[in-house]
Amino acid sequence: MEITLSQPINSEELLWFLSRGYDETIYKVEGKSIYRAFLVDNEKMLVRITPGSLSVKIDWLVGQPDQSVIDFITEWFDLDTDLSGFYALLRADPVLEYMADEYKGLKLAGMPDLFEALCWAIAGQQINLTFAYKLKRRLVERYGDFIDYQDNRYYIFPAPEVLMQADPEELKAMQFSGSKTAYLIHTATAFVDGRISKEMLMALPTEKQLELLTGLKGIGTWTANYVLMKSLRDPGAIPYGDAGLLNALLGHGIISNKKELQDMHALFQRFKGWEAYLVFYLWRSLAIKPVV
DNA sequence: GGCCAGGACTCAA
DNA sequence: TTGAGTCATGGC
């Protein structure tokens with residue numbers, strides 16, 4: 001089946017971003033397609049997603065076409081958002097205007113699954129991304145379900161019910177720190193207890209969302225905003241303090257050191273309503289070469 | 001070997 | 001509310 005788009009997307013940029021040299025566990029990019037397994041009503045599915053310019057092709061390799069998977073993919077790649085407002089702001093900025101052409105049509109790749117987004121953020125706190133992906137792989141391979149298909153194994157992110165009961169010693173043996181171990185189990189427990197869910201968050205205003213998230217152990221300002229950006233798709237979310245963000249701002253000469261952030265705040269002020277996209281594009285700019 | 005990594009916590013002042 | 005110390009381990 002195919003999703004028809006009203007705005008063209010940059011599928012090459014998307015595929016490149018999704019596979020940008022890290023060892024991702026939860027999906028596989030091969031050629032011009034993305035492979036990902038899903039669990040829908042206890043049924044495991046495997047799809048091949050092939051983004052074009054004005055359409056996204058989805059093939060069910062295992063299972064039957066399912067609307068919830070289509071919705072997930074639409075959200076994952078932010079297919080419905082029109083970026084023209086963002087590009088108008090970029091073009092008005094002498095330092096960042098190049099992004100409007102160079103990354104044109106690049107959609108913010110999100111993480112629709114809130115639990116996965118939180119776990120990923122916890123795993124990635126304060127460590128380099130290469131190591132963070134290693135931790136994620138160990139976690140998913142140990143606790144996640146999977147589908148075997150043509151010599152490949154496709155993993156599904158573990159459910160909170162499973163992670164809640166993980167043995168802390170086992171997590172530590174996978175090189176999760178004591179803190180990360182505790183945070184992961186606390187977070188999984190909060191999901192199982194019904195203290196947090198994506199639906200719950202979606203019904204709240206931003207301040208209450210941040211309050212609920214940062215009320216969980218291990219979820220600080222950075223993580224809370226990170227998941228608002230990647231999972232709730234709050235266009236105004238900014239992961240304050242993010243190391244990559246600060247480095248990108250330094251690289252572009254927008255700030256001159258990591259402690260004086262007035263110019264960063266002024267920049268975001270100008271990008272009201274597109275802050276999350278600005279962060280995503282700044283992250284994107286880190287990936288190939290530092291822009292000096 | 002030292003600094004940094006897509007931080008958060010606790011505790012003191 | 002701000003700052004220092006702590007956790008914890010790999011990557012470069």
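Residue numbering restarts at 1 for every chain, and letters A, B, ... go by the order of the sequence lines.
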Please lay out, stage by stage, how A:Met99 and A:Leu106 fare under the test side chain to side chain contact (heavy atoms under 4.5 Å, CB included). CA-CA 10 Å; A:Met99 292 182 165; A:Leu106 171 62; over 6 Å; no

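- One cannot find a donor-acceptor pair under 3.5 Å joining the base of C:dG10 and the side-chain atoms of A:Arg138.
- Judged purely by distance below 3.5 Å, without hydrogens or angles, the side chains of A:His265 and A:Tyr240 never pair a donor atom with an acceptor atom.
- Near DNA chain C, meaning a heavy atom under 4.0 Å away, there are no residues from residues 216-247 of chain A.
- Aromatic ring orientation, A:Phe271 versus A:Phe86: perpendicular (interplanar angle above 60°, classes split at 30° and 60°).
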Test side chain to side chain contact (heavy atoms under 4.5 Å, CB included) on A:Gln67 and A:Ile70 and set out the steps. CA-CA 5 Å; A:Gln67 186 60 41; A:Ile70 296 171; 4.0 Å; yes

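- The aromatic rings of A:Phe72 and A:Trp76 lie perpendicular to each other, with more than 60° between the two planes, well past the 30° mark.
- The nearest pair of heavy atoms linking A:Gln175 to A:Leu135 is O-CD2, 3.5 Å.
- As a whole-Å value, the separation of A:Leu118 CG from B:dA8 P is 11 Å.
- The one candidate from A:Lys134, A:Lys136, A:Arg137 that meets the salt bridge (Lys or Arg N to Asp or Glu O under 4.0 Å) condition with A:Asp23 is A:Arg137.
- Between A:Tyr277 and A:Asp78, the side chains place a donor N or O and an acceptor N or O closer than 3.5 Å (distance only, hydrogens not considered).
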The dot-bracket string of DNA chain B, counting Watson-Crick and G-U wobble pairs with both distances under 3.5 Å, using [ ] for crossing pairs and | for pairs to another strand, is .||||.|||||||

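- No hydrogens or angles considered: nothing links the side chains of A:Thr4 and A:Ser55 as a donor-acceptor pair under 3.5 Å.
- Of the residues in residues 263-272 of chain A, not one places a heavy atom less than 4.0 Å from an atom of DNA chain B.
- As rounded to whole Å, 10 Å separates atom P of C:dT9 from atom CG of A:Leu135.
- For the residue pair A:Asn247/A:Lys258, the side-chain donor-acceptor check at 3.5 Å is satisfied.
- A side-chain donor from one of A:Thr223 and A:Gln125 sits under 3.5 Å from a side-chain acceptor of the other.
- Between A:Lys259 atom NZ and C:dT2 atom P the separation is 13 Å, expressed in whole Å.
- Summarising the geometry of A:Tyr155 relative to A:Thr25, their closest heavy-atom pair is CB-O, 4.1 Å, with the distance given to 0.1 Å.
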Is there a side chain to side chain contact (heavy atoms under 4.5 Å, CB included) between A:Tyr103 and A:Ser285? Walk through the geometry before answering. CA-CA 9 Å; A:Tyr103 308 147; A:Ser285 77; 3.6 Å; yes

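- If you take CG of A:Leu286 and C1' of B:dA5, they are 12 Å apart, rounded to a whole angstrom.
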Might you work through the side-chain hydrogen bond (donor to acceptor under 3.5 Å, both in side chains) test for A:Asp66 and A:Trp60, ending with a clear yes or no? CA-CA 9 Å; A:Asp66 179 275; A:Trp60 265 260; over 6 Å; no

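- Between the C1' atom of B:dA8 and the CD1 atom of A:Ile122 lies a distance of 10 Å, rounded to the nearest Å.
- Around atom NZ of A:Lys172, more than 12 heavy atoms belonging to other residues, nucleotides or ligands sit under 6.0 Å away.
- By the 6.0 Å and 45° rule, A:Lys28 stacks over the aromatic ring of A:Tyr154.
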I'd like a list of close polar pairs between nucleotides 11-13 of chain B and the protein, N/O only, cut-off under 3.5 Å.
none

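- Using atom P as the reference point in both C:dG10 and B:dC9, the two lie 23 Å apart (nearest Å).
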Run the side chain to side chain contact (heavy atoms under 4.5 Å, CB included) check on A:Tyr133 and A:Arg138 step by step: do they pass? CA-CA 9 Å; A:Tyr133 276 100; A:Arg138 289 171 191 156; over 6 Å; no

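- Rounded to a whole Å, the NZ atom of A:Lys136 is 13 Å from the C1' atom of B:dG6.
- DNA chain C is contacted by A:Gln175, A:Ser177, A:Gly178 of residues 168-192 of chain A, taking any non-hydrogen atom closer than 4.0 Å.
- Between B:dG6 and C:dT2, the two C1' atoms lie 24 Å apart (nearest whole Å).
- Listed by residue number, the members of residues 125-134 of chain A with any heavy atom below 4.0 angstrom from DNA chain B are A:Gln125, A:Gln126, A:Ile127, A:Asn128, A:Leu129.
- Geometrically, A:Arg20 engages A:Phe17 in a cation-pi contact, judged by NZ or CZ lying under 6.0 Å from the ring centre and within 45° of the ring axis.
- The environment of NZ in A:Lys272 is crowded: more than 12 heavy-atom neighbours from other residues, nucleotides or ligands sit within 6.0 Å.
- What separates CH2 of A:Trp283 from P of B:dA5 is a distance of 14 Å, to the nearest Å.
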